[in-house]
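The structure under discussion appears below in the form of structure tokens.
Note that the numbering runs from 1 along the sequence shown for the chain.
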Amino acid sequence: MTASASTFAASFDTTVPIDRAESMFRAIWSASITATATPDHQTVLSCCVIALFAVIFSPVWRITRNAITIAHEGGHALMATLCGRRVNGIQMHSDTSGLTVSQGKSRGIGLRLTQFSGYAAPALWGLACAALVSRGYSTASLWLLVILLILMLLKIRNGYGLLAVVAVSVGVIVLSWWGSADLRSQAAHVLAWFLLFGAIRPLFELIHQRRTGRAAGSDADQLATTGAPAGLWIVIWLSMSLGALWLGSTWMLSL
């Protein structure tokens with residue numbers, strides 16, 4: 001083979017992109033399993049304030065609440081899958097509402113766990129993130145989020161939902177790959193705090209919606225068909241969210 005022919009053949013060598021992908025995954029794995037120093041208390045508290053602002057300040061919340069909707073619908077989808085149900089699709093809308101459609105038995109524990117998991121998910125995601133960042137695995141928490149978002153993308157069935165998940169995914173990927181170790185750590189702490197705080201406000205919104213008759217088909221009302229009133233399910237979710245906030249705070253602040 002001549003030199004020019006060798007060069008032409010090399011240009012189609014598929015091992016080059018494969019080697020690059022392998023190097024990239026090795027770099028991600030190495031960064032994820034390598035614990036880094038956790039921020040000082042002042043930095044952690046600053047991250048807490050940023051997250052709290054994103055939840056309490058309504059003009060910002062109207063945007064950031066989309067992330068809670070992603071966590072909520074992702075919780076439905078994951079639990080449905082774990083319970084052996086088929087997830088047909090996920091939709092998210094500009095008013096931050098969402099819908100996850102799964103197929104399976106019309107009664108039983110699998111259906112009830114799927115219905116319950118939505119409002120429980122943000123607090124549990126936040127607690128898992130807090131557990132990782134408090135041990136120095138901030139990068140791992142971000143890449144795990146990327147994996148979950150990519151899996152969720154496969155089930156998105158509307159344009160707004162696709163745009164929302166892609167936007168969050170790209171942002172997290174850019175931060176995880178190009179951000180410095182300190183920036184990744186701080187971002188992961190903000191994420192953990194945001195999920196923990198963000199799990200609580202939608203429950204008070206749900207209470208208000210039910211009082212004004214605008215939540216007839218809510219998860220709580222669906223669970224009320226078990227015989228336990230909708231209000232009880234809201235109290236359970238609220239207790240879980242407050243408990244997760246307390247435990248996550250204890251971990252991240254090393255109390």
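No donor-acceptor distance shorter than 3.5 angstrom exists from the side chain of T34 to the backbone of A31, with no hydrogens or angles considered. Counting only distance, with no hydrogens or angles, the side chain of W125 and the backbone of L195 share no donor-acceptor pair below 3.5 Å. Judged by distance alone, the side chain of D221 and the main-chain N or O of A230 form no donor-acceptor pair under 3.5 Å. Counting only distance, with no hydrogens or angles, the side chain of T250 and the backbone of W246 share a donor-acceptor pair below 3.5 Å. Remark: the backbone N or O of L132 is not paired with any side-chain donor or acceptor of S141 at under 3.5 angstrom. When atom types are taken as modelled, the side chain of H93 and the backbone of G98 share no donor-acceptor pair closer than 3.5 angstrom. Between the side chain of Q91 and the backbone N or O of I156 there is no donor-acceptor pair closer than 3.5 Å. The backbone N or O of Q222 sits less than 3.5 Å from a side-chain atom of T225, completing a donor-acceptor pair. Here the side chain of H72 pairs no donor or acceptor atom with the backbone of I68 at under 3.5 angstrom. Judged by distance alone, with hydrogens and angles left aside, the side-chain atoms of W237 form no donor-acceptor pair with the main-chain N or O of L232 at under 3.5 Å.
Taking CE of M252 as the reference point, atom CG of L45 lies at 10.0 Å (rounded to 0.5 Å). Atom-to-atom distance recorded for L162:CG and S169:OG is 9.5 Å, nearest 0.5 angstrom. Atom-to-atom distance recorded for T114:OG1 and H76:NE2 is 8.5 Å, nearest 0.5 angstrom. Note that CD1 of I70 and OG1 of T96 are 11.0 Å apart. Values are rounded to the nearest 0.5 Å. Taking OG1 from T100 and CE from M79, the interatomic distance works out to 12.5 Å, rounded to the nearest 0.5 Å. Atoms CH2 and CG, from W233 and L238 in turn, are 15.0 Å apart once rounded to the nearest 0.5 Å.
Contact check for M92 versus M152: side-chain heavy atoms found under the 4.5 Å cut-off. Looking at heavy atoms from C-beta onward, S218 lies out of side-chain contact with Q209 at the 4.5 angstrom threshold. F197 is listed as a side-chain neighbour of L245, based on a closest heavy-atom distance under 4.5 Å.
Transitive grouping of hydrophobic side chains (ILVMFWY, heavy atoms separated by less than 4.5 Å) brings L52 and L242 into a common cluster. If you chain together hydrophobic residues whose side chains sit under 4.5 Å apart, I150 and L142 fall into the same group. A chain of hydrophobic side-chain contacts below 4.5 Å, direct or via other Ile, Leu, Val, Met, Phe, Trp or Tyr residues, connects W177 to V146. The hydrophobic cluster containing L148 also contains V133, counting ILVMFWY residues as joined when their side-chain heavy atoms lie under 4.5 angstrom apart, directly or transitively. In the hydrophobic cluster analysis, where Ile, Leu, Val, Met, Phe, Trp and Tyr join through side-chain heavy atoms closer than 4.5 angstrom, L78 is grouped apart from L151.
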Test L206 against I234 for side chain to side chain contact (heavy atoms under 4.5 Å, CB included), laying out the working first. CA-CA 8 Å; L206 177 60; I234 296 175; 3.9 Å; yes
Begin from the C-alpha positions of R112 and S117 and carry the test side chain to side chain donor-acceptor pair (under 3.5 Å) through to its verdict. CA-CA 9 Å; R112 299 310 180 186; S117 61; over 6 Å; no
Carefully, step by step, assess L191 and L145 under the rule side chain to side chain contact (heavy atoms under 4.5 Å, CB included). CA-CA 10 Å; L191 173 64; L145 175 59; 3.7 Å; yes
Go through the steps to decide whether D219 and F116 satisfy the test side chain to side chain contact (heavy atoms under 4.5 Å, CB included), and finish with yes or no. CA-CA 7 Å; D219 295 344; F116 179 82; over 6 Å; no
How far apart are the C-alpha atoms of K105 and L111, what are their side-chain angles, what is the distance that settles it, and do they pass the side chain to side chain contact (heavy atoms under 4.5 Å, CB included) test? CA-CA 7 Å; K105 293 182 179 180; L111 174 63; over 6 Å; no
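Among K155, R85, Q115, the single residue meeting the side-chain hydrogen bond (donor to acceptor under 3.5 Å, both in side chains) criterion with S102 is R85. E205 pairs with exactly one of R211, R65, R210 by the salt bridge (Lys or Arg N to Asp or Glu O under 4.0 Å) rule, that one being R65.
Geometrically, R184 does not engage W178 in a cation-pi contact, judged by NZ or CZ lying under 6.0 Å from the ring centre and within 45° of the ring axis.
Annotation for A131 and R135: closest pair O-NH1, 2.9 Å, computed over non-hydrogen atoms. Taking each heavy atom of A192 and C129 in turn, the nearest pair found is CB-SG, 3.7 Å. The two residues W193 and C47 make their nearest non-hydrogen contact at CD1-C, 3.8 Å. Scanning all heavy atoms of the two residues, the minimum distance from L203 to Y119 falls at CD2-CD2, 3.6 Å. The shortest non-hydrogen separation linking L196 to A244 is CD2-O, 3.7 Å. For L175 against A187, the heavy-atom pair with the smallest separation is CD2-CB, 3.1 Å.
A donor-acceptor pair shorter than 3.5 Å cannot be found between the side chains of S185 and D182. Using modelled atom types and a 3.5 Å distance limit, the side chains of N66 and Y160 yield a donor-acceptor pair. Using modelled atom types, one finds a donor on one side chain and an acceptor on the other under 3.5 Å when comparing S58 with R201.
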